[in-house]
S.K.: 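Submitted below is the structure of interest, expressed as structure tokens.
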Protein chains: 2
Amino acid sequence: MRGDGAERPFDLEEFLPYLLNQAAEATGKSFQNVYRADYGFTRTQWRVLANLGRFGAMTAAEICRISHTEKTKVSRAVAALEARGLLSRSPAATDRRAEDLALTPRGQEVFETLGRRAIAYDRALRDRLGPAAARDLDRVLRALIAPGPTLADE
Amino acid sequence: MRGDGAERPFDLEEFLPYLLNQAAEATGKSFQNVYRADYGFTRTQWRVLANLGRFGAMTAAEICRISHTEKTKVSRAVAALEARGLLSRSPAATDRRAEDLALTPRGQEVFETLGRRAIAYDRALRDRLGPAAARDLDRVLRALIAPGPTLADE
DNA sequence: TCATAGTGGTTGCTTTTGCAACCATGTCAA
DNA sequence: TTGACATGGTTGCAAAAGCAACCACTATGA
């Protein structure tokens, strides 16, 4: 056993949330240039586009649930995409509060272009890690995303 | 080989930067409550505190390098911590532009308390993954953070 | 059928970030 | 020395995120 009065000081560099955040920023940043510099999208806009492109029409609330994004962010992203003619709304059949969101043909095009570039970028990242490590990483990240353990008070 | 005209649509849920970001947010959020609700710190303020607590006095530029944080964020965080009496500045010996930053005794105390809670939280996260997966995760995350491959244009 | 509470979505206001410009000092070479 | 460029740090302004309040509608159940 290790000496228990040890009391090593806390080291940020070994703190999982910090490492995850650094990795997310590092990997996110270069792709951000694609959707930002080339299309003027916000990260949330890109996400909304990606979800609608992948899954077809759905409501804003569904996008929130799928992508764990706050509704106000989604609301504004939807408005922006609509203003640029990439997305259209139509009243939802069953619930008069909700609207079905769908990409316009132009939105679809953008999604496909951006999607191809994203796939290529993802492939490049995974190649750097090797297939086994990449698969493991997926698994672990999903495990971290899923439930959410509450914080143990000291 | 797999059929090459395949053209599967891009799926956000398998995009590494997205997964990393989700995991970072999920794990970061509950600890954020500790430093935010209990101390009113910003994430950057907590990082600055953590670095000074761990490594002792250093300049703002060094904090930037160590924690990959933009200088303006650090600058403001330092100002805020100073205003609260948790940090003090002194002119750097060798370079008259720079200032050595150090935690005050009160800052040290806060760091120690928060550090203990961070360690406990980190341990809880790692326990959920198992020791082997946690170690692998560290390794892979550091690999992702380190170099940064440029984006292949399509 | 009416009150109550929940859900989909938007808006306003504040905090935080990101970026560019800036000042002061330092470095290097002509 | 002097000019050009780099570096440490701050500030101002604009974009983005977070939060609470809100409107419209739906669901529940007394």
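The structure displayed is predicted, hence computed values, not measured ones. Hydrogens, waters and symmetry mates play no part in the numbers below; they use all other heavy atoms, side chains included. Naming: A, B, ... by sequence-line order, numbering from 1 per chain.
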S.K.: How close or far is atom C1' of dA16(D) from atom CZ of R43(A), stated in whole angstroms?
M.R.: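 Rounding to the nearest Å, CZ of R43(A) and C1' of dA16(D) are 11 Å apart.
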S.K.: Quick one: closest heavy-atom pair of L141(B) and A23(A), and the distance?
M.R.: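 Answer, listing the atom of L141(B) first, then A23(A): CD2-CB, 3.7 Å.
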S.K.: Starting the side chain at C-beta, find the nucleotide from dG8(D), dC19(C), dT16(C) nearest to K71(B).
M.R.: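 Selected nucleotide (nearest to the side chain): dG8(D).
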S.K.: At less than 4.0 Å, is any side-chain N or O atom of R96(B) found next to OP1 or OP2 of dG26(C)? Yes or no.
M.R.: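 Looking at the OP1 and OP2 atoms of dG26(C), one of them is under 4.0 Å from a side-chain N or O of R96(B).
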S.K.: Mind calculating the distance between CD (E25(B)) and P (dA16(D)) to the nearest angstrom?
M.R.: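 These atoms are roughly 16 Å apart.
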S.K.: How about T72(B) and R76(B): does a side-chain donor come under 3.5 Å of a side-chain acceptor?
M.R.: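 Side chains of T72(B) and R76(B): pair found under 3.5 Å.
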S.K.: Would you say the rings of Y39(B) and W46(B) are close, in the sense that their centroids are separated by under 6.0 Å?
M.R.: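 Ring centres of Y39(B) and W46(B) not closer than 6.0 Å.
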S.K.: Taking S75(A) for its side chain and K71(A) for its backbone only, find out whether a donor-acceptor pair lies under 3.5 Å.
M.R.: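 No, the answer is negative, given that no donor and acceptor are paired below the 3.5 Å cut-off.
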S.K.: Does any donor atom in the side chain of T42(A) or T44(A) lie under 3.5 Å from an acceptor atom in the other side chain?
M.R.: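 No donor-acceptor contact under 3.5 Å links the two side chains.
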S.K.: Any salt bridge linking D138(A) with R126(A)? Criterion: basic side-chain nitrogen under 4.0 Å from a carboxylate oxygen.
M.R.: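 So D138(A) pairs with R126(A) through a salt bridge.
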S.K.: So do F111(B) and R106(B) actually touch side chain to side chain, heavy atoms under 4.5 Å?
M.R.: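 No, too far: nothing below the 4.5 Å cut-off.
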S.K.: How do Q32(A) and R97(A) order along DNA chain C: which one's closest nucleotide is nearer the 5' end?
M.R.: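 Counting from the 5' end, the first nearest nucleotide belongs to R97(A).
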S.K.: Go through dT17(C), dT11(C), dG9(C) for me and flag the one nearest to the R89(A) side chain.
M.R.: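 Of the options given, the side chain of R89(A) lies nearest dG9(C).
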S.K.: Closer to the 5' end of DNA chain D via nearest nucleotide, is it T94(A) or R36(A)?
M.R.: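 Checking each residue's closest nucleotide, the 5'-ward one belongs to R36(A).
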S.K.: Expressed as a whole number of angstroms, how long is the span from E70(B):CD to dG12(D):P?
M.R.: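 Nearest whole value for this atom pair: 18 Å.
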S.K.: From the set dC13(D), dC19(D), dA16(D), return the single nucleotide nearest to any side-chain atom of R76(B).
M.R.: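 Shortest atom-to-atom distance from the side chain points to dC13(D).
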S.K.: Under 4.0 Å from OP1 or OP2 of dG9(D): is there any side-chain N or O of S75(B) that close?
M.R.: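 For S75(B), the contact criterion (side-chain N or O under 4.0 Å from OP1 or OP2 of dG9(D)) is not met.
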S.K.: Without decimals, in angstroms, what is the distance between D95(B) CG and dT27(C) P?
M.R.: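 The distance from CG of D95(B) to P of dT27(C) comes to 7 Å, rounded to the nearest Å.
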S.K.: For dG18(D) and T72(A) - does any side-chain N or O of the residue sit under 4.0 Å from the phosphate oxygens OP1/OP2?
M.R.: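 T72(A) to dG18(D) OP1/OP2: no side-chain N or O under 4.0 Å.
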S.K.: By nearest atom, which of the nucleotides dA17(D), dT17(C), dG9(D) is closest to the A98(B) side chain?
M.R.: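 Shortest atom-to-atom distance from the side chain points to dG9(D).
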S.K.: Using a 4.5 Å cut-off on heavy atoms from C-beta on, say whether the side chain of V78(B) contacts that of R89(B).
M.R.: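 Yes - at least one pair of side-chain heavy atoms lies under 4.5 Å apart.
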S.K.: Side chains of E25(A) and H68(B): any donor to acceptor distance under 3.5 Å?
M.R.: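 There is no such pair between these side chains.
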S.K.: Taking only side-chain nitrogens and oxygens of K73(A), does any of them come within less than 4.0 Å of OP1 or OP2 of dG18(D)?
M.R.: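 K73(A) to dG18(D) OP1/OP2: side-chain N or O found under 4.0 Å.
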S.K.: Listed in order of residue number, which residues of residues 54-67 of chain A have a non-hydrogen atom at under 4.0 Å from DNA chain C?
M.R.: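 Correct list: T59(A), A60(A), A61(A), R65(A).
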S.K.: Under a 4.0 Å heavy-atom cut-off, which of residues 77-88 of chain A touch DNA chain C?
M.R.: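 Heavy-atom contacts with DNA chain C come from no residue of residues 77-88 of chain A; none.
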